[in-house]
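Everything on this sheet refers to the single structure shown next.
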Amino acid sequence: MTPQLPYATLKQIFARFAEAEPHPKGELEHTNAFTLLVAVALSAQATDAGVNKATRKLFQIADTPEKMLALGEEGLIEHIRTIGLYRNKAKNVIRLSRLLIENFGGEVPSSRAALTTLPGVGRKTANVVLNMWFHHPAQAVDTHIFRVGNRTGIAPGKDEAAVERAIEDNVPAEYQGHAHHWLILHGRYICTARNPKCGICPIRDWCLYPEKTA
DNA sequence: ATCCCGAGGG
DNA sequence: CCCTCTGGAT
């Protein structure tokens, strides 16, 4: 049960994030809403570096639902074989492309309810698309944010839904828009799962994680 | 609770 | 070798 950091401390923490990285961006490469949606779906349990390596070539060939269908499941597998869980992902992306054409006029829908009707698109993936493409106030909780939220006390919660609520409830309003990428980049490069780099952590002064001696 | 599932890092 | 990576469906 990690305690929740007080609001005044959260303001200091996010001010520090904002100072270090005024305009944080995601690192998944994409050229339009469709390629963003596909890239996020492919990124489940995979590094974005690995996803980018595969999608760089893939999106030159298939950057629309129509082209993805033309490529086909077997053709798609050839491109994403190096990413984990590739059979499920290939099947989902093909079915998702067909559904976009049949149900949404070939466009990526802008509501969570519509997005989550697509195969391979759950609440987390939908929230990433809503935040990054449509600039909606949606907080996607991935493995990094779940870990960072609980470890630091920024947004503790027993599951992803609880952490999502904690972010919405406790992160100062002026920082909500960029909170997702600040937290994810912090988790990826500083507050790593195995050997967190507490020695160079910019928010170490306020963190509740006991192993802040490294 | 389990399965999917390869690449990269320590 | 073992652990982790912007999860989702069953």
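Within every chain, numbering begins at 1; the chains are lettered A, B, ... in the order of the sequence lines, protein sequences first and strands thereafter.
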Just how far, in rounded Å, is [atom2] of [N] from [atom1] of [X]?
X        : N      : atom1 : atom2 : value
A/Ile184 : C/dT6  : CD1   : C1'   : 4 Å
A/Phe146 : C/dC5  : CZ    : P     : 12 Å
A/Asn52  : C/dT6  : CG    : P     : 10 Å
A/Lys91  : C/dT10 : NZ    : C1'   : 14 Å
A/Met132 : C/dT6  : CE    : P     : 13 Å
A/Leu42  : C/dG7  : CG    : P     : 12 Å
A/Arg87  : C/dA9  : CZ    : C1'   : 16 Å
A/Arg147 : C/dT6  : CZ    : C1'   : 11 Å

Please check if the side chain of [X] supplies one atom and the backbone of [Y] the other of a donor-acceptor pair under 3.5 Å.
X        : Y        : answer
A/Lys89  : A/Ala44  : yes
A/Glu107 : A/Leu100 : no
A/Glu160 : A/Phe146 : no
A/Gln139 : A/Asn131 : no

Over all strands shown, is [X] touching base, sugar-phosphate only, or nothing at heavy-atom distances under 4.0 angstrom?
X        : answer
A/Val141 : nothing
A/Glu160 : nothing
A/Val128 : base
A/Leu118 : sugar-phosphate
A/Gly50  : nothing
A/Lys53  : sugar-phosphate

Item to check | Partner of A/Pro65 under side chain to side chain contact (heavy atoms under 4.5 Å, CB included), chosen from A/Ile101, A/Leu96, A/Leu99 | outcome: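 With A/Pro65 as partner, A/Ile101, A/Leu96, A/Leu99 yield a single side chain to side chain contact (heavy atoms under 4.5 Å, CB included), made by A/Ile101.
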Please state the [atom1] separation for the pair [N] and [M] - nearest whole angstrom.
N     : M     : atom1 : result
B/dT2 : C/dT6 : P     : 25 Å
B/dG8 : C/dG8 : C1'   : 23 Å
B/dA7 : C/dA9 : C1'   : 24 Å
C/dC2 : B/dC5 : C1'   : 16 Å

Checklist entry - Thinking salt bridges, do A/Arg188 and A/Glu27 make one under a 4.0 Å N-O criterion? => result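 Counted as a salt bridge, because a side-chain N and a carboxylate O are separated by less than 4.0 Å.
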Checklist entry - Taking for each residue the nucleotide of DNA chain C bearing the nearest heavy atom, is the 5' side occupied by A/Arg95 or by A/Thr47? => result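 So the residue in question is A/Thr47.
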Checklist entry - For DNA chain C, whose closest nucleotide is more 5', that of A/Val121 or that of A/Leu28? => result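 Result: A/Leu28.
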Checklist entry - On DNA chain B, which is the earliest and which the latest nucleotide, 5' to 3', with an atom closer than 4.0 Å to a heavy atom of chain A? => result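 Span of nucleotides near chain A: B/dC4 to B/dG10.
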Next on the checklist: Expected output is a numbered-order residue list: members of residues 185-195 of chain A with a heavy atom under 4.0 Å from any atom of DNA chain B. What is it?
Outcome noted: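 Contacts with DNA chain B under 4.0 Å: A/Arg194, A/Asn195.
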